[in-house]
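What you see is a predicted model; the values in this text were computed from it and never measured. Scope of the values below: all heavy atoms of this structure, side chains included, with no hydrogens, waters or symmetry mates.
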Amino acid sequence: MKKKTKFVCQECGYESAKWMGKCPGCQTWNSMIEEIEKGKPAARGVFVHTAPSSISKPVSITTVATAQEPRMVTDLAEFNRVLGGGIVKGSLVLIGGDPGIGKSTILLQVSAQLALNQYKVLYISGEESVKQTKLRADRLGISANELYVLSETDLEYIHQAIEEIQPDFVVIDSIQTIYRAEITSAPGSVSQVRECTGELMRIAKTKGIAIFIVGHVTKEGSIAGPRILEHMVDTVLYFEGERHHTYRILRAVKNRFGSTNEIGIFEMRETGLLEVENPSEVFLEERSSGVAGSTVVASMEGTRPVLVEIQALISPTSFGNPRRMATGIDHNRVSLLMAVLEKRVGLLLQNQDAYLKVAGGVKLDEPAIDLAIAVSIASSFRDLPTNPSDVIIGEVGLTGEVRRVSRIEQRVQEAVKLGFHRIIIPKNNLGGWLAPKGVEIIGVSHVAEALEYTLGDRKSV
């Protein structure tokens, strides 16, 4: 009997009966891979058997009883913060990041901490042997009787190990190495990743086991495999940072049990990852004072204000079209703000190259950083240094107006705690709260007014 084949896009999961150079689903070139089509669908109850009496029936939402289940809390407060207060039982969490960034390290540390707190933990590695995992644990100073390690890639044997040990917490490192024997495609393909994640999700929900799965990332920085993978899990965490720098940022981009804007800051050392309790001090510790193009902004990352430095370098272009480069900021936002400065303030920037960077490797995407970016650009263009004790907060509109921002009181308190004496905020944010003593609060309504305070000779009133 002739086997039927199909072509599946490795980026979005689009299926076609014939090969195509460009995927109609995600418009990606050369992503269609041939796979053998199954004759009949595999039984969904291969690993998790559901009794007929447990079939769900519709009920009124007013009759559903709710209870606040305790979370599994680790010793890493930054890790707990990103997850919304701790690990939820029965949750499926996907963590991704560049190779060598620290994904396996932090999960092995968390596994050991939970095992020492009398939770039974199963760490499954599809990329390392048991001895290699033990060597890494010794390097990190990890030892716990309730931490079990397994080197396996077959999902059926993984399920048998879970049935035998009955753990509270499971780590799968990584999902691209796990496979089901019933599926003919290679491990890491769309079909394998989708089916294996679906089975792990059923195990987590039916047995109340918290499962963390590690996902490889593509060269663009997104989780490798179909986008449906991120929709299937409860939480998606990204590990960010440069391999050659010591600081790492753990960011939640999806979380059904907490905020999606929280970040955790860690420092990579020989003994593992250590949490950074005050990230604002870390991001500002190497700041140079009296340099043009440098400003400090108080940005909200979830529920926590973080002070970071924005640096700008404006120089005459040597090409026909000026360059616009930004690290940690959307370059489209930079172009927009430069257009506002040129049209509303009168700065001639159309023949200038612009290079902007957020110091420390943080990525900022909230509107409250607009005014600080504009001041940095104007400071570098005029070659006038800003006051090193200033913090600048505000959203900038296309007409040059400075608009109000949220949680202004928390931002100001964080700036005062780090010793800043003058804070420039939107004028509409002045009322409704009490400013701390010993700090000067200046309200501005236009970009030009903010530039007069920061770069001109005008005194505050």
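Partner R304 forms a salt bridge (charged side-chain N to carboxylate O under 4.0 Å, His left out) with one of E78, E277, E414 and no other, that one being E78. When each of S376, S288, S294 is checked for a side chain to side chain contact (heavy atoms under 4.5 Å, CB included) with E309, only S294 meets the rule. If you run salt bridge (charged side-chain N to carboxylate O under 4.0 Å, His left out) between R194 and each of E35, E15, E230, only E15 comes through.
For K254, the NZ atom sits in a packed shell: over 12 heavy atoms of surrounding residues, nucleotides or ligands are nearer than 6.0 Å. Taking a 6.0 Å sphere around CG of D138, one finds it holds more than 12 heavy atoms contributed by other residues, nucleotides or ligands. Within 6.0 Å of CE in M325 there are 12 or fewer heavy atoms belonging to other residues, nucleotides or ligands. Within a 6.0 Å sphere centred on CG of L418, other residues, nucleotides and ligands contribute more than 12 heavy atoms. For E286, the CD atom sits in a loose shell: 12 or fewer heavy atoms of surrounding residues, nucleotides or ligands are nearer than 6.0 Å. No more than 12 heavy-atom neighbours from other residues, nucleotides or ligands sit within 6.0 angstrom of CG on N145. By the 6.0 Å contact criterion, CD on E164 is open, its count of non-hydrogen atoms from other residues, nucleotides or ligands being 12 or less. More than 12 heavy-atom neighbours from other residues, nucleotides or ligands sit within 6.0 angstrom of NZ on K205.
Looking at R333 and D370, their side chains come closer than 4.5 Å, going by heavy atoms from C-beta outward. Annotation: side chain of L237 is not in contact with side chain of L94 (no heavy-atom distance under 4.5 Å). At a threshold of 4.5 Å between non-hydrogen side-chain atoms, the residues D173 and L107 do not count as touching. Proximity of E127 to H216: side-chain heavy atoms (C-beta onward) are separated by under 4.5 Å at one or more points. Residues F7 and M20 have side chains not in contact (no heavy-atom distance under 4.5 Å, counting atoms from C-beta outward). Taking the side chain as every heavy atom from C-beta outward, I249 and I265 approach each other to under 4.5 Å. In this structure, V391 and V297 have side chains that are not in contact, with every pair of non-hydrogen atoms separated by 4.5 Å or more. Contact annotation: the side chain of L76 never approaches that of L273 to less than 4.5 Å [non-hydrogen atoms, C-beta and beyond].
Atom-to-atom distance recorded for I263:CD1 and R248:CZ is 14.5 Å, nearest 0.5 angstrom. The line from CD1 of I142 to OG of S111 is 8.0 Å long, rounded to the nearest 0.5 Å. Interatomic distance, T74 OG1 to M72 CE, rounded to the nearest 0.5 Å: 10.0 Å. Distance check: Q109 CD to S104 OG gives 11.5 Å after rounding to the nearest 0.5 Å. One distance of note links OH of Y119 with CD1 of I87; it measures 9.0 Å at 0.5 Å rounding. Expressed to the nearest 0.5 Å, how far CG of L250 lies from CD1 of I95 amounts to 5.5 Å.
The shortest non-hydrogen separation linking C196 to I175 is CB-CD1, 4.1 Å. V88 approaches R71 most closely through the heavy-atom pair CG2-NH1, 3.4 Å. The two residues K103 and G96 make their nearest non-hydrogen contact at CD-C, 3.5 Å. Of all heavy-atom pairs between K120 and I165, the closest is CD-O, 3.2 Å. Among all heavy-atom pairs drawn from A252 and S259, the shortest one is CB-O, 4.1 Å. Listed here is the closest heavy atom pair of V405 and P426: N-CG, 4.4 Å.
Using a distance-only test at 3.5 Å, with no hydrogens or angles considered, no donor-acceptor pair links the side chain of S380 to the main chain of G293. A distance-only check finds no donor-acceptor pair linking the side chain of S16 to the backbone of W19 [under 3.5 Å]. Between the side chain of T295 and the main chain of A372, a donor-acceptor pair closer than 3.5 Å is present. Side-chain atoms of Q27 come within 3.5 Å of backbone atoms of P24 as a donor-acceptor pair (strictly under, hydrogens ignored). Here the side chain of D353 pairs a donor or acceptor atom with the backbone of R323 at under 3.5 angstrom. The closest donor-acceptor contact from the side chain of S189 to the backbone of A186 lies under 3.5 Å. Side-chain atoms of E275 come within 3.5 Å of backbone atoms of A77 as a donor-acceptor pair (strictly under, hydrogens ignored). Side chain of T133 to main chain of S129: a donor-acceptor pair is present (N/O by atom type, distance under 3.5 Å, no hydrogens or angles). Looking at N255, its side chain does come within 3.5 Å of a backbone N or O of L83 through a donor-acceptor pair. Using a distance-only test at 3.5 Å, with no hydrogens or angles considered, no donor-acceptor pair links the side chain of T235 to the main chain of V93.
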Subject >> Pair E199-R180, salt bridge (charged side-chain N to carboxylate O under 4.0 Å, His left out): steps then yes or no >> reply: CA-CA 10 Å; E199 291 297 340; R180 284 188 61 177; 3.1 Å; yes
**OP:** Begin with the C-alpha distance, continue with both residues' side-chain angles, and end with the deciding distance and a verdict on salt bridge (charged side-chain N to carboxylate O under 4.0 Å, His left out) for E401 and R344.
**Re:** CA-CA 9 Å; E401 81 279 11; R344 307 300 178 189; over 6 Å; no
**OP:** Could you check I393 against I408 for side-chain contact (heavy atoms from CB on, under 4.5 Å), going step by step and ending with a plain yes or no?
**Re:** CA-CA 9 Å; I393 308 167; I408 188 65; 4.1 Å; yes
Subject >> Steps toward side-chain contact (heavy atoms from CB on, under 4.5 Å) verdict (I178, I172) >> reply: CA-CA 8 Å; I178 308 301; I172 306 291; 3.7 Å; yes
**OP:** Kindly indicate, with the supporting measurements, whether the criterion side-chain contact (heavy atoms from CB on, under 4.5 Å) is fulfilled by Y355 and S315.
**Re:** CA-CA 9 Å; Y355 306 93; S315 61; 4.2 Å; yes
Subject >> Evaluation steps, side-chain contact (heavy atoms from CB on, under 4.5 Å), between F169 and F212 >> reply: CA-CA 8 Å; F169 181 70; F212 274 65; 3.2 Å; yes
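Remark: R269 engages E267 in a salt bridge, criterion side-chain N to carboxylate O under 4.0 Å. At a threshold of 4.0 Å, the pair R411-E366 counts as salt-bridged, since one of the basic side-chain nitrogens sits closer than that to a carboxylate oxygen. One finds no salt bridge joining E262 and R251 here, because no Lys/Arg side-chain nitrogen approaches an Asp/Glu carboxylate oxygen to under 4.0 Å. Salt bridge status for D234 with R256: present, with a side-chain N to carboxylate O gap under 4.0 Å. A salt bridge does not link R139 with E270: every distance from a Lys NZ or Arg NE/NH1/NH2 to an Asp or Glu carboxylate oxygen is 4.0 Å or more. The pair D168-K89 does not meet the salt-bridge criterion, since no charged nitrogen lies less than 4.0 angstrom from a carboxylate oxygen.
With sequence neighbours left out, the ring pair (Phe, Tyr, Trp, His ring centres under 6.0 Å) criterion links F266 to no other residue.
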